[in-house]
Amino acid sequence: MDKNVLILSGAETFTVRGLEMKLKGIGVNPSFCALKAKEIEQRIGGTDLFILYSDNISEEGLEALAYLKNFSAVLTSRLIVIGTKPEYESVLRVIPEAMIMKYYDRPLAMEQFLNAMEKHFAQEDDFVERKSILIVDDDVSYMTMIMDWLKAAYHVSIVNSGMHAITWLANNYADLILLDYEMPVTSGPQVLEMIRSAPETAGIPVMFLTGKNDKESIMKVLDLKPTDYLLKTIDRKGLREKVDGFFKG
């Protein structure tokens with residue numbers, strides 16, 4: 001299976017070590033990481049799944065979760081939380097539920113959990129062949145909705161700012177980018193300029209998602225050669241037709 005799992009917790013307790021041993025038993029490569037921002041920064045690369053064992057999270061731990069949230073493209077659909085209901089509610093005050101793949105109540109039903117892990121990784125292996133789409137939008141609610149529309153057929157990652165998109169693209173590849181036209185700090189057209197200026201990303205197709213349908217806005221980006229210019233009023237069926245049609249074409 002050869003999957004890397006990072007177990008995040010305040011301390012590597014006897015229970016956490018037991019969880020590591022059980023995961024090794026199903027062919028997974030688990031390792032422990034203290035819930036500290038600096039340690040997470042050093043360990044985040046190459047991780048296939050994050051498990052947060054939320055046993056009495058400290059203030060420092062909550063700050064580390066806030067730091068982890070910034071890596072939404074890495075985290076989304078790859079974070080499992082194990083804890084009590086009150087602990088889970090504390091996590092949700094920092095990390096949006098849309099980024100969490102699954103919550104398991106504690107004490108953990110281990111056999112059920114391990115069966116779910118085996119099933120998840122088997123499905124993920126099938127998923128590898130799918131096309132990769134990066135969604136860039138500062139509106140998390142809208143971005144999450146679009147992700148839900150596409151995730152059944154595509155490998156979907158999300159980031160909530162233009163600079164996070166550039167950082168993500170430095171270490172990952174997308175077959176298509178859906179880019180919000182209007183964003184604070186770094187606008188969609190500015191992000192597209194940066195994408196086109198780097199040899200590694202210059203050829204990635206980009207579709208704008210926008211609420212602006214005036215001629216002036218469209219003309220501004222024609223020289224950057226976006227693949228398409230989609231209004232945010234587009235519905236699920238219309239978006240799937242556009243994206244599916246692009247890849248078939």
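Computation of the quantities below employed the complete heavy-atom set of this structure, encompassing side-chain atoms and omitting hydrogens, waters and symmetry-equivalent molecules. In this text the structure is predicted, and so the values were computed from the model without any measurement.
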**Test side-chain contact (heavy atoms from CB on, under 4.5 Å) applied to E60 and L35, step by step** = CA-CA 8 Å; E60 183 182 24; L35 204 52; over 6 Å; no
**Request:** Would you check, one step at a time, whether the test side-chain contact (heavy atoms from CB on, under 4.5 Å) holds for L23 with I51?
**Result:** CA-CA 11 Å; L23 287 168; I51 296 177; 4.0 Å; yes
Test item: [X] and [Y] side chains (from C-beta on) under 4.5 Å apart, heavy atoms:
X    : Y   : answer
N29  : V5  : no
Y103 : K85 : yes
I82  : Y88 : no

Strictly distance-based, threshold 3.5 Å: is any side-chain N or O of [X] a donor or acceptor partner for the main-chain N or O of [Y]?
X    : Y    : answer
S9   : E12  : no
D139 : S141 : yes
T144 : V140 : yes
R240 : D235 : no
T210 : L231 : no

Can a salt bridge be assigned to the pair [X] and [Y] using a cut-off of 4.0 Å between side-chain N and carboxylate O?
X    : Y   : answer
R78  : D48 : no
E39  : R43 : no
R106 : D55 : yes

**Message:** salt bridge (Lys or Arg N to Asp or Glu O under 4.0 Å) for R93 and E89? Distances and angles first, verdict last.
**Reply:** CA-CA 7 Å; R93 286 198 287 270; E89 289 170 2; 5.6 Å; no
Mind listing the closest non-hydrogen atom pair of [X] and [Y] along with its distance?
X    : Y    : value
I204 : R196 : O-NH1, 3.0 Å
G83  : S54  : CA-OG, 3.4 Å
K69  : V94  : CD-O, 3.1 Å

**Item:** Sequence-distant partners of D175, side chain to side chain contact (heavy atoms under 4.5 Å, CB included), two or more places apart
**Value:**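 So D175 forms a side chain to side chain contact (heavy atoms under 4.5 Å, CB included) with K131, S132, Y173, F247.
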**Message:** Less than 6.0 angstrom from the centroid, inside 45 degrees of the normal: does K102 satisfy that with respect to the ring of Y104?
**Reply:**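 Cation-pi check for K102 and Y104: passes.
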**Request:** Give me the one residue out of Q112, M117, E111 that meets side chain to side chain contact (heavy atoms under 4.5 Å, CB included) with N115.
**Result:**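 Option passing the side chain to side chain contact (heavy atoms under 4.5 Å, CB included) with N115: E111.
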**Request:** Would you mind telling me which of I40, I44, I7 makes a side chain to side chain contact (heavy atoms under 4.5 Å, CB included) with F50?
**Result:**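 So, applying the side chain to side chain contact (heavy atoms under 4.5 Å, CB included) to F50 and each of I40, I44, I7, only I44 qualifies.
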**Request:** Indicate whether any N or O donor in one side chain lies under 3.5 Å from an N or O acceptor in the other, for D137 and Y181.
**Result:**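 There is no such pair between these side chains.
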**Item:** Test ring pair (Phe, Tyr, Trp, His ring centres under 6.0 Å) applied to Y142 - qualifying residues, sequence neighbours left out
**Value:**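 Here no residue qualifies.
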**Message:** With salt bridge (Lys or Arg N to Asp or Glu O under 4.0 Å) as the criterion, how do D180 and K232 come out once you've worked through the C-alpha distance, each side chain's angles and the decisive distance to 0.1 Å?
**Reply:** CA-CA 9 Å; D180 183 20; K232 284 192 170 184; 3.2 Å; yes
